[in-house]
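Remember, predicted model here, so these are calculated numbers, not experimental data. Below, all heavy atoms of this structure are taken into account, side chains as well, without hydrogens, waters or symmetry copies.
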Amino acid sequence: MDIFDWITEEVAPEQRNSEDLLYEHMDSQSDRCLPIIYVPFDPANGGHWRDRGAALDFVLATHAEGKRVLDLGPGDGWPSLIMAPFVGEVIGVEGAHRRVDVCRENAARLGISNATFDYVKPGDCLPYSDQSFDAVVAASSIEQTPEPQATLAELYRVLKPGGRLRVYYESLARYRGGQERETWLLAIDDETTRLMLLDRHVDEEFAVQVTLTYALPEAELAEALGGDAQGVSLEAITVDRLTLLE
């Protein structure tokens, strides 16, 4: 039996949002590798140039210089903290308390005073007045909200007439050809680990993420699932292995 079908039929998982399952438990969404925010900009690193160009694109595409900007889902503070020196004010909105704390800590460490971060429960209306922002940016965040169309409507509500919205989203097409399904482990603490299974339906443009939580250290869970220190492959995860862990 397909592992996702078995989990749906036998485990009957409840629907949760990404913030509860993932982002509340991550010290860093970027593994602390973001240039400027976590590491010095390295001109010899092509990835750093791409990151810099992508962040500045948000400023230029929205004509946000010196203006008030809303950033939906900054994660570790990207692109909010990179945009901050070029705009008048940037407010980042996050659906996970942990992400808000991390963004605030990064802003304080970098000495950035015109960037603030607010918690808003996923799916709730934004706590801002109509037409109160000159620009809105969203990097790989709208598609993770409970109702993306409602999220877009809310972003347009707070955007001033003539203001610009710049969206970057993760196209599932990049995973076509062998990467449609993926698995990884997330250590919640020394004795608790989550198994994350992702099933991307590329043509239909949606993904199913299943999360199973086990009272085992990461290394022990990896071994029980047929993996090792490098991780666990989806091919190694069988119904028999999951049944033994129940």
side-chain contact (heavy atoms from CB on, under 4.5 Å) evaluation trace for V137 with V167: CA-CA 6 Å; V137 298; V167 174; over 6 Å; no

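- Between R157 and S129, the shortest heavy-atom distance links the atoms NH1-C, 3.7 Å.
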Quick one: side chains of residues 80-95, donor-acceptor pairs under 3.5 Å with protein atoms, not counting sequence neighbours, listed by atom name and distance.
| unit_1 | atom_1 | unit_2 | atom_2 | d |
| --- | --- | --- | --- | --- |
| S80 | OG | D71 | OD2 | 2.4 |
| E89 | OE1 | R68 | NE | 3.1 |
| E94 | OE2 | G75 | N | 2.7 |

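- Expressed to the nearest 0.5 Å, how far CG of L245 lies from CG of L225 amounts to 5.5 Å.
- Closest heavy-atom contact between I37 and G77: CD1-O, 3.6 Å.
- By the 6.0 Å contact criterion, OH on Y169 is open, its count of non-hydrogen atoms from other residues, nucleotides or ligands being 12 or less.
- The shortest side-chain heavy-atom distance between T183 and I237 falls under the 4.5 Å cut-off.
- Side-chain N/O atoms of T192 and D189 include a donor and acceptor closer than 3.5 Å.
- When every heavy atom of E154 is checked against every heavy atom of L126, the shortest pair comes out as OE2-N, 2.8 Å.
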Derivation of the salt bridge (charged side-chain N to carboxylate O under 4.0 Å, His left out) call for E182 and R200: CA-CA 8 Å; E182 185 179 2; R200 301 181 178 95; 2.7 Å; yes

Working for side-chain contact (heavy atoms from CB on, under 4.5 Å), residues V69 and F133: CA-CA 6 Å; V69 181; F133 288 91; 5.7 Å; no

N114/I112 under side-chain contact (heavy atoms from CB on, under 4.5 Å): CA gap, chis, key distance, verdict: CA-CA 6 Å; N114 66 331; I112 294 174; 3.5 Å; yes

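- Looking at heavy atoms from C-beta onward, W6 lies in side-chain contact with T243 at the 4.5 angstrom threshold.
- Under the 4.5 Å side-chain heavy-atom criterion for grouping Ile, Leu, Val, Met, Phe, Trp and Tyr, V59 is connected to L110 within one hydrophobic cluster.
- S132 OG to K160 NZ: the interatomic distance, rounded to the nearest 0.5 Å, is 8.0 Å.
- Using a 4.5 Å heavy-atom threshold, the side chains of S171 and E205 count as touching.
- With respect to the salt-bridge test (charged N to carboxylate O, under 4.0 angstrom), the residues R176 and D203 qualify.
- Chaining together hydrophobic side chains whose heavy atoms lie under 4.5 Å apart places L198 alongside L22, Y23, M26, W184, L186, I188, M196.
- For Q149, the CD atom is loosely surrounded, since the number of other residues' heavy atoms within 6.0 Å does not exceed 12.
- When the side chains of ILVMFWY residues are joined at heavy-atom separations under 4.5 Å, either directly or via intervening members, L155 and F58 end up in two distinct hydrophobic clusters.
- No donor-acceptor pair closer than 3.5 Å links the side chain of D31 to the backbone N or O of C33.
- Transitive grouping of hydrophobic side chains (ILVMFWY, heavy atoms separated by less than 4.5 Å) brings F206 and I7 into a common cluster.
- Under a 4.0 Å N-O distance rule, the pair R109/E105 does not qualify as a salt bridge.
- In this structure, the separation between OG1 on T213 and NE2 on H25 is 8.0 Å, given to the nearest 0.5 Å.
- Between V239 and I3, the shortest heavy-atom contact is N-CD1, 3.9 Å.
- A continuous path of Ile, Leu, Val, Met, Phe, Trp and Tyr side chains, each step under 4.5 Å between heavy atoms, connects I36 with Y168, placing both in one hydrophobic cluster.
- The CG atom of D101 sits 11.0 Å away from atom CG of D27, with the distance rounded to the nearest 0.5 Å.
- Under the 4.5 Å side-chain contact rule for hydrophobic residues, V100 and V120 do not share a cluster.
- Expressed to the nearest 0.5 Å, how far CG of L185 lies from CG of L216 amounts to 10.5 Å.
- Two residues are said to be in side-chain contact when any heavy atoms from C-beta on lie closer than 4.5 Å; E170 and Y175 meet this criterion.
- The backbone N or O of A138 sits nowhere less than 3.5 Å from a side-chain atom of S141 that would complete a donor-acceptor pair.
- The salt bridge (charged side-chain N to carboxylate O under 4.0 Å, His left out) contacts involving residues 141-151 comprise nothing, where partners must be two or more places apart or lie in separate chains.
- Residue pairs meeting the salt bridge (charged side-chain N to carboxylate O under 4.0 Å, His left out) criterion with at least one partner in residues 206-230, sequence neighbours excluded, do not occur; the list is empty.
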Audit row: T151, L72, side-chain contact (heavy atoms from CB on, under 4.5 Å) steps and yes/no: CA-CA 10 Å; T151 299; L72 179 71; 3.7 Å; yes

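- Relative orientation of the H97 and Y119 rings is parallel, given thresholds of 30° and 60° on the angle between their planes.
- Here the CG-CG distance, from L212 to L195, works out to 5.5 Å after rounding to the nearest 0.5 Å.
- Looking at residues two or more places apart in sequence or on another chain, you find no side-chain hydrogen bond (donor to acceptor under 3.5 Å, both in side chains) involving Q131.
- Residue T62 comes nearest to A135 through the heavy atom pair CB-CB, 3.6 Å, listed as atom of the first residue, atom of the second, then distance.
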Contacts table for residues 38-54: side-chain donor-acceptor under 3.5 angstrom, sequence neighbours left out:
| unit_1 | atom_1 | unit_2 | atom_2 | d |
| --- | --- | --- | --- | --- |
| Y38 | OH | N106 | ND2 | 3.1 |
| D42 | OD1 | A44 | N | 3.0 |
| N45 | OD1 | G47 | N | 2.8 |
| N45 | OD1 | H48 | N | 3.3 |
| H48 | ND1 | D42 | N | 2.9 |
| W49 | NE1 | P43 | O | 2.8 |
| D51 | OD1 | W78 | NE1 | 3.2 |
| D51 | OD2 | W78 | NE1 | 3.1 |

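- In summary, D134 and R164 do not engage in a salt bridge, as defined by a charged side-chain N under 4.0 Å from a carboxylate O.
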Stepwise salt bridge (charged side-chain N to carboxylate O under 4.0 Å, His left out) check, D76 with R99: CA-CA 7 Å; D76 287 352; R99 305 268 51 83; 3.0 Å; yes

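- Summarising the local packing, CG of D190 is surrounded by 12 or fewer heavy atoms from other residues, nucleotides or ligands at distances under 6.0 Å.
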